[in-house]
Each structure stands twice: as structure tokens, then as C-alpha cells.
Amino acid sequence: MAGVVAASAMVAACGSHVLHRVQPGETLYSISWRYGEDYHEVAAWNGLAPPYIIRPGQLLRIAAPTPASAIPPYPVSPPAPAGRPQSPKRETSSAAPAAVPRPAPPPKVATLRQSLRPSPARELRWSWPTRGKLLHAYSPAKPGGKGIDIGGRPGQAIRAAAPGRVVYAGSGLRQYGKLIIIKHNENLLSAYGHNQMLHVHEGDQVKGGQHIADMGTKGNRKALLHFEIRYDGKPENPLRYLPATH
């Protein structure tokens, strides 16, 4: 009981944007996706190793931990030794003690990988996840604009845009409806939202072009697929990866 109280106090002290309590059905990938973080870093902040097993009720840190103590900006001068005071004539002006430079924080894991990033065309062979009109273009500054919306009809086939492994299949992220997240390699994930029915499960290996879901609707509006690609947790314009035509 004391542990539960302490955990609740920690949430209150740190704020909802620092700790996340795992809900049934969530995975490290879906939680990282929710907060726009790289799953590698979320795993590192929480001491998790592959296959990144988490359990309902577990608290996960979803922001980089802060140092336990701050480094003083300059050394504290020792007290002057007792004895005969110096003559004013012998006093010389001296500059304030130089500040001790703070050590630079280590670069983020994602930053290191980003500097070595190859061209997306060389990583995987991508295909359009469904056929239809592009309803909304990539516009990450707008709500819901971290991917593209492709129009179609209810029940239309949704296909994996590239081969990979399903790391999430569920409806825990309400703004995405029934959602599938596929991990393609250590850096790239793709997501398929607002499905009517899912045909794959977490852990399934899928081929590029495999039928993974049926198109649903966003609310009560027209049928569409919301499609995203993220590199190290950060949204990418899917049109940079997909072929020019479909």
C-alpha cells in the first residue's frame, strides 16, 4: 500500500508528462508513439531491454531523467587563514574566480543515429498502404497532421507499406481508432489508423503488401486511412518514402 501511495505522489510531483502508468494492452512502442519519443530512449530511461516487456500498472518515465544534483557554477573559496591582516598597500585586485564549465550532456541516442541516417530509398522498399485520394497532406504543426489521410470506402483493404513486425494492434490510442504499428527496422515504424477491422496481432511478421486491416471511418465521417511513418520516434513525411504513384 505504501508503494502505491509513493507512486501516486511521484506522479503528482513529476506531472503527467513525465511518468506514464501502463494500461492493459499497451506496449512500449504504443506508449512511445503516444508521446512522440524514440522507443530506444524510453527503454533506456526505464532500464528495459529487448523484448521490452511491460505490465499494466507499471510506471514508465517518458522524459529524460534530470541530474540528481546540480554542479555548482564555481568552486567555493576556502576561508582566509587566521593571522595578521595584510597591509592595504599590499592588496591587489583580482578577478572573480572563473566559472567551472559544466560538462556537456551526452547526445541523445536518436541524435547519434540521425547523424548516420541513410537515404530512405535505400532502407526499405515501400508501397502505398491503400489506394485512394490524398485527403490531407503531412503537416506536423497541425493536430492530426503527423501523417497523411488517404480516402477510400469502408472495408477497403489496408496493406503493410513495407515488411516488418507488428508491435501494436489495438485501440488504446483514441485519436487513432483501431491502430496497427509496424516496426520495419531499428529506426523506422509505420502506423495505420482508423481501421474497421484488424487482421494481424502483436508479434506477427508481415510482408510488404500484406492485407493487415480493413478501412474504417474517422468518427462518423468518410472512410479513410491515417498513415504515419516515424524515424527514431519523430514524424516523417510519408510521401518521401512512398512511390510517386499507386
Side-chain angles (χ1 to χ4, degrees), residues 15-18 20 26-43 45 60-64 107-124 126-130 132-152 158-162 164 167-195 213 215-219 221-246:
S16 61
H17 295 293
V18 175
H20 175 88
E26 289 185 321
T27 68
L28 179 74
Y29 299 93
S30 67
I31 294 170
S32 302
W33 192 280
R34 179 194 299 271
Y35 294 101
E37 298 289 350
D38 179 8
Y39 72 91
H40 296 96
E41 294 188 332
V42 176
W45 298 334
L60 291 183
R61 179 179 289 278
I62 44 99
K108 296 179 69 175
V109 175
T111 303
L112 292 175
R113 282 197 301 274
Q114 190 78 8
S115 64
L116 302 174
R117 177 179 176 179
S119 167
R122 297 180 181 178
E123 293 173 340
L124 292 164
W126 295 85
S127 60
W128 281 76
T130 196
K133 181 181 178 181
L134 183 64
L135 301 178
H136 298 101
Y138 174 78
S139 182
K142 297 180 180 179
K146 295 179 180 179
I148 59 175
D149 290 344
I150 305 170
I158 305 300
R159 304 183 183 277
V167 293
Y168 181 76
S171 53
L173 279 70
R174 297 181 62 181
Q175 68 271 33
Y176 290 91
K178 291 184 178 179
L179 172 70
I180 293 173
I181 300 176
I182 297 177
K183 176 184 176 183
H184 302 287
N185 57 30
E186 285 301 305
N187 307 101
L188 283 161
L189 301 172
S190 64
Y192 312 73
H194 303 298
N195 298 292
M215 183 179 291
T217 59
K218 187 176 181 180
R221 292 179 288 179
K222 64 176 63 175
L224 60 80
L225 168 70
H226 179 75
F227 178 67
E228 294 186 19
I229 294 177
R230 296 196 186 183
Y231 190 101
D232 288 341
K234 305 306 177 187
E236 293 277 307
N237 186 349
L239 299 183
R240 293 186 61 243
Y241 294 77
L242 299 176
T245 60
H246 64 292

Are [X] and [Y] side-chain neighbours, meaning at least one heavy-atom pair lies under 4.5 Å?
| X | Y | answer |
| --- | --- | --- |
| N237 | I229 | no |
| N185 | L124 | yes |
| M215 | T130 | yes |
| L134 | I148 | yes |
| I158 | F227 | no |
| L188 | W126 | yes |
| S127 | L242 | no |
| Y192 | R159 | no |

For residues 176-184, tabulate all N or O donor-acceptor pairs below 3.5 Å that involve a side-chain atom, not counting sequence neighbours.
unit_1: Y176; atom_1: OH; unit_2: W33; atom_2: NE1; d: 3.3
unit_1: Y176; atom_1: OH; unit_2: E228; atom_2: OE2; d: 2.9
unit_1: Y176; atom_1: OH; unit_2: R230; atom_2: NH2; d: 3.3
unit_1: K178; atom_1: NZ; unit_2: Q196; atom_2: O; d: 3.3
unit_1: K183; atom_1: NZ; unit_2: Y39; atom_2: OH; d: 3.3
unit_1: K183; atom_1: NZ; unit_2: E186; atom_2: OE2; d: 3.2
unit_1: H184; atom_1: ND1; unit_2: A162; atom_2: O; d: 3.4
unit_1: H184; atom_1: ND1; unit_2: P163; atom_2: O; d: 2.8
unit_1: H184; atom_1: NE2; unit_2: S190; atom_2: OG; d: 2.6

[atom2] on [Y] to [atom1] on [X], rounded to 0.5 Å:
| X | Y | atom1 | atom2 | value |
| --- | --- | --- | --- | --- |
| L225 | H194 | CG | NE2 | 9.0 Å |
| S32 | D232 | OG | CG | 11.5 Å |
| L28 | H40 | CG | NE2 | 9.5 Å |
| R221 | L135 | CZ | CG | 10.5 Å |
| E26 | I31 | CD | CD1 | 4.5 Å |

Query - Pair R61-V18, side-chain contact (heavy atoms from CB on, under 4.5 Å): steps then yes or no - result: CA-CA 6 Å; R61 179 179 289 278; V18 175; 3.7 Å; yes

Requested in this report: Run the numbers on R34 and H20 for side-chain contact (heavy atoms from CB on, under 4.5 Å), then give the verdict.
Outcome: CA-CA 11 Å; R34 179 194 299 271; H20 175 88; 4.0 Å; yes

Query raised in the report: Distance-only, no hydrogens or angles: does the K133 side chain make a donor-acceptor pair with backbone N or O of I150 under 3.5 Å?
Result: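 Checking the backbone N and O of I150 against the side chain of K133, no donor-acceptor pair under 3.5 Å is found.
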
Report task. Kindly state each residue pair satisfying side-chain hydrogen bond (donor to acceptor under 3.5 Å, both in side chains) with at least one member in residues 136-147, sequence neighbours excluded. Result ->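 Residue pairs passing side-chain hydrogen bond (donor to acceptor under 3.5 Å, both in side chains), neighbours aside: H136-D149.
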
Query raised in the report: Closest heavy-atom contact between S30 and Y168?
Result: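 Answer, listing the atom of S30 first, then Y168: CB-CD1, 3.5 Å.
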
